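Because the structure is a prediction, the values reported are computed rather than measured.
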Amino acid sequence: MEKLVDEPARGRILREAYPFVMPLLGVGVLGMGLGWPLVGWAGLFSALGVGLFFRNPVRRPLRDPRVALCPADGRVVEISELEELEGRPGPFKKVSVFMSVLNVHVNRAPVTGRVVEISHRPGRFDAAYRNETSHRNERNLVRIAMEGGREVICVQVAGILARRIVCWTAQGHLLLQGAPFGLIRFGSRVDTYLPEGFEPEVRVGQRVWGGETILGYFLEPEPDRGGKESLVPTQA
């Protein structure tokens, strides 16, 4: 049975932090050792701040095919409807979450399913809280096919301080609801595009937590798969 991608063994601080934290720690230790306390404390506090940005708290997501979970920590900045997404036919319900530099920046799968598309597009690095940045900024699209045929699309959008979008999953992987699939460095947003028949539970301005807050509900059950084997193996 193919193994689902769940919580990776990454620790409470992501390994992506090391190239940033280690030099700052070095500056802190060197400053203290040379008798330059201001330099030393600046280095140590900077290392602590960067380490907190890359924190990866344990989440215990609800796993229910009737709901979609929030893919990121932050605040809801947009809820809208659109007929298509870059040539992909809709309609879609779009829910956008903005992550400030103080938020956890791990992105999590809103539903359980197979990754059927990953598409990266270069772009600008405008302030991510603006709605128009969904189409102008650098972004990475992850399309997830659920067991009954529904598809949910997550788009990682870079922000004014973000200079790299990290995606840990790949086409063909199976993701469990709430499982981490990526990271955006230093301020950004995640746009979630949900199919017809989805009703958001969140509101604009609401604070949300990735993998825990219910984004909304699918009003109709997924189509019957006609006795086919389940996409998701039985959990112990």
Side-chain angles (χ1 to χ4, degrees), residues 5-22 24-25 45-63 67-79 94-112 115 125 127-130 133-134 137-142 144 152-169 173 175-192 200-216:
V5 177
D6 195 1
E7 194 79 30
R10 293 180 172 271
R12 295 297 180 89
I13 301 296
L14 299 171
R15 60 173 175 260
E16 283 82 358
Y18 299 164
F20 301 94
V21 172
M22 298 310 292
L24 292 171
L25 281 176
F45 277 112
S46 297
L48 176 62
V50 173
L52 289 175
F53 171 85
F54 285 98
R55 65 195 184 277
N56 182 29
V58 174
R59 299 287 164 87
R60 294 174 175 80
L62 170 72
R63 286 180 176 147
V67 308
L69 299 180
C70 195
D73 289 32
R75 291 192 182 276
V76 178
V77 293
E78 180 185 2
I79 299 175
K94 176 185 176 184
V95 183
S96 300
V97 175
F98 171 71
M99 297 174 284
S100 76
V101 294
L102 300 178
N103 292 124
V104 172
H105 274 60
V106 175
N107 304 146
R108 296 174 176 271
V111 296
T112 293
V115 178
F125 296 97
Y129 59 83
R130 299 174 179 170
T133 59
S134 294
N137 283 19
E138 178 183 353
R139 56 204 179 277
N140 185 65
L141 179 148
V142 178
I144 304 169
V152 174
I153 297 173
C154 286
V155 181
Q156 300 168 283
V157 182
I160 193 168
L161 296 178
R163 287 297 182 268
R164 186 181 175 192
I165 296 174
V166 180
C167 186
W168 297 321
T169 191
H173 282 181
L175 287 174
L176 273 178
Q177 196 169 30
F181 71 84
L183 167 77
I184 317 174
R185 292 178 181 170
F186 304 114
S188 46
R189 70 189 274 160
V190 177
D191 299 330
T192 307
E201 176 73 7
V202 295
R203 64 186 185 279
V204 172
Q206 180 178 337
R207 186 178 180 185
V208 293
W209 287 265
E212 291 188 346
T213 302
I214 293 177
L215 202 64

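Proximity of V106 to W168: side-chain heavy atoms (C-beta onward) are separated by under 4.5 Å at one or more points. Looking at heavy atoms from C-beta onward, F98 lies out of side-chain contact with S96 at the 4.5 angstrom threshold. Annotation: side chain of L69 is not in contact with side chain of L215 (no heavy-atom distance under 4.5 Å). Taking the side chain as every heavy atom from C-beta outward, I184 and N140 never approach each other to under 4.5 Å. The side-chain heavy atoms of P71 and R108, taken from C-beta on, include no pair separated by under 4.5 Å.
Here the closest heavy-atom approach between residue V58 and residue R60 is recorded as CG1-NH1, 4.0 Å. G210 and D73 get closest at one heavy-atom pair: N-OD1, 2.7 Å. Contact record, I165 with A158: CD1-N, 3.9 Å, taken as the closest heavy-atom pair. The nearest pair of heavy atoms linking V104 to M99 is O-SD, 3.9 Å. In terms of heavy atoms, Q177 sits closest to P61 at O-CG, 3.5 Å.
Taking the side-chain contact (heavy atoms from CB on, under 4.5 Å) definition, one finds that L62 meets it with D64, V67, I214, sequence neighbours left out. L24 is linked by a side-chain contact (heavy atoms from CB on, under 4.5 Å) to S46, A47, V50, counting only residues two or more places apart in sequence or in another chain.
The backbone N or O of A72 sits nowhere less than 3.5 Å from a side-chain atom of N107 that would complete a donor-acceptor pair. Q156 places no side-chain N or O within 3.5 Å of a backbone atom of R139 that could act as its donor or acceptor partner. Remark: the backbone N or O of E212 is not paired with any side-chain donor or acceptor of R59 at under 3.5 angstrom.
One distance of note links OG of S100 with NE2 of H105; it measures 6.5 Å at 0.5 Å rounding. Considering CG of L176 and CZ of R63, their distance stands at 4.5 Å, rounded to 0.5 Å. For the atom pair OG of S188 and CG of N103, the computed distance is 9.0 Å after rounding to the nearest 0.5 Å.
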Evaluate the side chain to side chain contact (heavy atoms under 4.5 Å, CB included) criterion for residues V97 and C70: first the C-alpha distance (whole Å), next the side-chain angles of each, then the deciding distance (0.1 Å), finally the verdict. CA-CA 8 Å; V97 175; C70 195; 3.7 Å; yes

